[in-house]
Amino acid sequence: MRGAMSVTFRVHLCFFLLSLYVLKGQSRYLEEHEITPERVLSLLNSELKRELSDEFVYRRPLRCLDMLVVEGQFTFMADRPQLSCAAFFIGEPNELISIQYDAANIDCAGGDFIKIFDGWVLKGEKFPSSQDHPYPLFERYVDYCTTGSSRSVIRSSQNVAMIFFRIHSAGSGFTITVTKLINPFPCNVISQTPEGSFTMVIPQQHKNCSFSIIYPVEIQIAELSLGHLNDVSLKVRGKRSPWGCAGAGDFVELLRGNSMDTSKMVPVADLCYSFSGPAQMKIGCDNTVVRMVSSGKFVNRVTFQYRLLHQHELEKLRGNNLEDFCDME
């Protein structure tokens with residue numbers, strides 16, 4: 001069951017990425033390569049699991065549009081000009097992505113490039129958003145043509161990263177090795193599954209952390225510790241109450257929307273004080289986010305569970321208005 005759910009998630013994610021590329025104007029590329037549901041499923045099934053021996057290094061070619069969920073060595077070799085390529089990397093919530101350049105044969109002066117991004121960029125929207133990432137935007141891009149071998153190993157700040165590349169000449173390419181590193185305090189996560197549970201801890205650090213679920217889900221906050229002794233204060237935001245918990249310094253907010261950038265999503269509920277006990281909500285959007293804002297004065301902690309909404313639940317949320325899919329209750 002869990003393996004089937006994992007494949008289902010990856011198919012969903014691949015189609016999500018492919019649809020974004022179509023919207024971005026890459027449809028001709030996709031048509032030329034005849035990417036079909038069967039081909040995507042075949043791609044996902046070809047990925048090896050982690051039961052492999054530690055001494056074994058998984059190797060396979062890198063595609064112009066690719067998603068990698070396993071460690072290994074990946075080589076891209078152009079058989080013709082490839083001018084708009086991207087590979088997305090994702091790990092478990094408590095993992096970081098490490099990317100090492102093993103070899104590169106590209107013409108930087110001729111317009112070729114390889115750029116690694118700390119996070120994901122989709123339709124110009126970034127995850128994590130600039131307000132949640134520890135580094136300014138210009139430091140999140142690492143250009144091979146600018147840095148060369150001086151930064152041959154790049155480590156992400158969260159469980160996702162990506163690489164953009166453009167190669168004009170057949171026979172040119174590069175090889176990278178991708179490994180996963182344990183992150184003891186995960187911050188800014190994209191969930192690999194539509195159902196699960198997670199505990200986010202910020203240990204007296206002044207920063208914001210987001211957990212993104214790219215599915216319509218029911219989410220249940222099971223426990224929240226913000227260093228306060230007050231009773232729970234759950235403020236559901238509406239059109240006339242935009243104030244929320246921003247003045248509290250330490251709080252958790254639920255966001256909904258159909259984008260990846262949390263700064264462009266709609267806050268729907270704020271939790272300002274510690275509590276133990278369920279607070280749940282159904283959100284019928286492409287993306288649901290649990291975002292914790294921490295002042296650095298306390299050890300803040302939130303535990304939550306989430307599950308995929310069934311079709312009849314989505315229809316109930318949507319009601320008779322087919323355009324208003326992103327709804328909640």
Side-chain angles (χ1 to χ4, degrees), residues 17 20-21 24 26 29 57-91 95-190 207 260-261:
L17 299 178
L20 291 172
Y21 264 71
K24 194 177 178 182
Q26 305 294 334
Y29 166 80
V57 178
Y58 174 46
R59 293 180 173 88
R60 76 158 171 83
L62 188 68
R63 302 170 178 86
C64 180
L65 178 60
D66 215 335
M67 181 180 65
L68 303 175
V69 298
V70 296
E71 299 174 316
Q73 188 177 74
F74 305 92
T75 298
F76 182 83
M77 187 66 65
D79 58 358
R80 61 182 180 81
Q82 299 282 11
L83 305 182
S84 185
C85 298
F88 298 82
F89 308 93
I90 185 167
E95 292 179 333
L96 303 175
I97 309 295
S98 175
I99 304 172
Q100 173 180 311
Y101 288 113
D102 298 324
N105 173 30
I106 63 172
D107 183 7
C108 294
D112 293 353
F113 65 76
I114 311 170
K115 297 180 181 180
I116 294 176
F117 182 70
D118 188 2
W120 278 1
V121 180
L122 303 170
K123 290 200 301 181
E125 297 179 353
K126 301 169 183 63
F127 181 90
S129 68
S130 296
Q131 64 185 11
D132 290 348
H133 200 276
Y135 300 116
L137 184 59
F138 71 91
E139 290 188 13
R140 296 171 65 181
Y141 288 94
V142 180
D143 190 335
Y144 175 84
C145 289
T146 300
T147 61
S149 60
S150 62
R151 290 189 64 183
S152 58
V153 180
I154 296 93
R155 180 184 299 182
S156 71
S157 302
Q158 61 288 310
N159 76 323
V160 293
M162 69 181 299
I163 184 169
F164 305 91
F165 52 99
R166 172 183 296 170
I167 298 178
H168 289 82
S169 301
S172 297
F174 60 92
T175 298
I176 57 173
T177 295
V178 178
T179 56
K180 309 289 183 64
L181 308 172
I182 296 299
N183 181 8
F185 294 104
C187 178
N188 297 321
V189 172
I190 293 180
K207 62 180 180 180
M260 292 296 296
D261 192 328

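Rounding to the nearest 0.5 angstrom, the gap separating the CD1 atom in Ile167 from the CZ atom in Phe113 is 9.5 Å. Phe76 contributes atom CZ, which lies 4.5 Å from atom SG of Cys85 (distance to the nearest 0.5 angstrom). Atom-to-atom distance recorded for Met260:CE and Lys123:NZ is 11.5 Å, nearest 0.5 angstrom. Atoms CZ and SG, from Phe165 and Cys64 in turn, are 5.5 Å apart once rounded to the nearest 0.5 Å. Atom-to-atom distance recorded for Gln82:CD and Leu65:CG is 10.5 Å, nearest 0.5 angstrom. A distance of 11.5 Å separates CG of Leu62 from CD of Gln73, quoted to the nearest 0.5 Å.
Residues passing the side chain to side chain donor-acceptor pair (under 3.5 Å) test with Asn183: none are found, sequence neighbours excluded. Annotation: side chain to side chain donor-acceptor pair (under 3.5 Å) contacts of Thr179 (sequence neighbours excluded): none. Take Asp132 and apply the salt bridge (charged side-chain N to carboxylate O under 4.0 Å, His left out) test, not counting sequence neighbours, and it matches Arg291. Considering only residues two or more places apart in sequence or on other chains, Asn105 meets the side chain to side chain donor-acceptor pair (under 3.5 Å) condition with none of them. Taking Lys115 as the reference, nothing meets the side chain to side chain donor-acceptor pair (under 3.5 Å) condition, with sequence neighbours excluded.
No side-chain heavy atom of Ile97 sits less than 4.5 Å from a side-chain heavy atom of Arg155. Thr147 has its side chain out of reach of Tyr101: every pair of non-hydrogen atoms, C-beta onward, lies at least 4.5 Å apart.
Evaluated for a side-chain contact (heavy atoms from CB on, under 4.5 Å) with Val121, the options Phe88, Phe127, Phe164 yield exactly one hit, Phe164. The only option from Asp102, Thr75, Ile163 that meets the side-chain contact (heavy atoms from CB on, under 4.5 Å) definition with Phe174 turns out to be Ile163.
Between Arg60 and Met67, the shortest heavy-atom distance links the atoms NH2-O, 3.9 Å. Counting all heavy atoms, side chain and backbone alike, Ile154 lies closest to Ile116 at CD1-CD1, 3.7 Å. When all heavy atoms are compared, the tightest approach of Met77 to Gly171 is SD-O, 3.0 Å. Closest heavy-atom contact between Ser157 and Pro134: OG-CG, 4.1 Å. When every heavy atom of Pro61 is checked against every heavy atom of Asp66, the shortest pair comes out as O-OD2, 4.3 Å. Between Val160 and Trp120, the closest heavy-atom pair is CB-NE1, 3.5 Å.
Phe74 and Tyr58 have perpendicular rings, their planes meeting at more than 60° on a 0 to 90° scale where under 30° would count as parallel.
Checking side-chain atoms of Arg140 against main-chain N and O of Asp118 turns up a donor-acceptor pair under 3.5 Å. Side-chain atoms of Asn159 come within 3.5 Å of backbone atoms of Ile190 as a donor-acceptor pair (strictly under, hydrogens ignored).
Within the structure, side chain to side chain donor-acceptor pair (under 3.5 Å) contacts touching residues 160-173 (residues at least two apart or in different chains) are Asp112-His168.
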Run the side chain to side chain contact (heavy atoms under 4.5 Å, CB included) test on Cys145 and Ile106 for me, step by step, so that the C-alpha distance in whole Å, both residues' side-chain angles and the decisive distance to 0.1 Å come before the verdict.
CA-CA 9 Å; Cys145 289; Ile106 63 172; 3.9 Å; yes

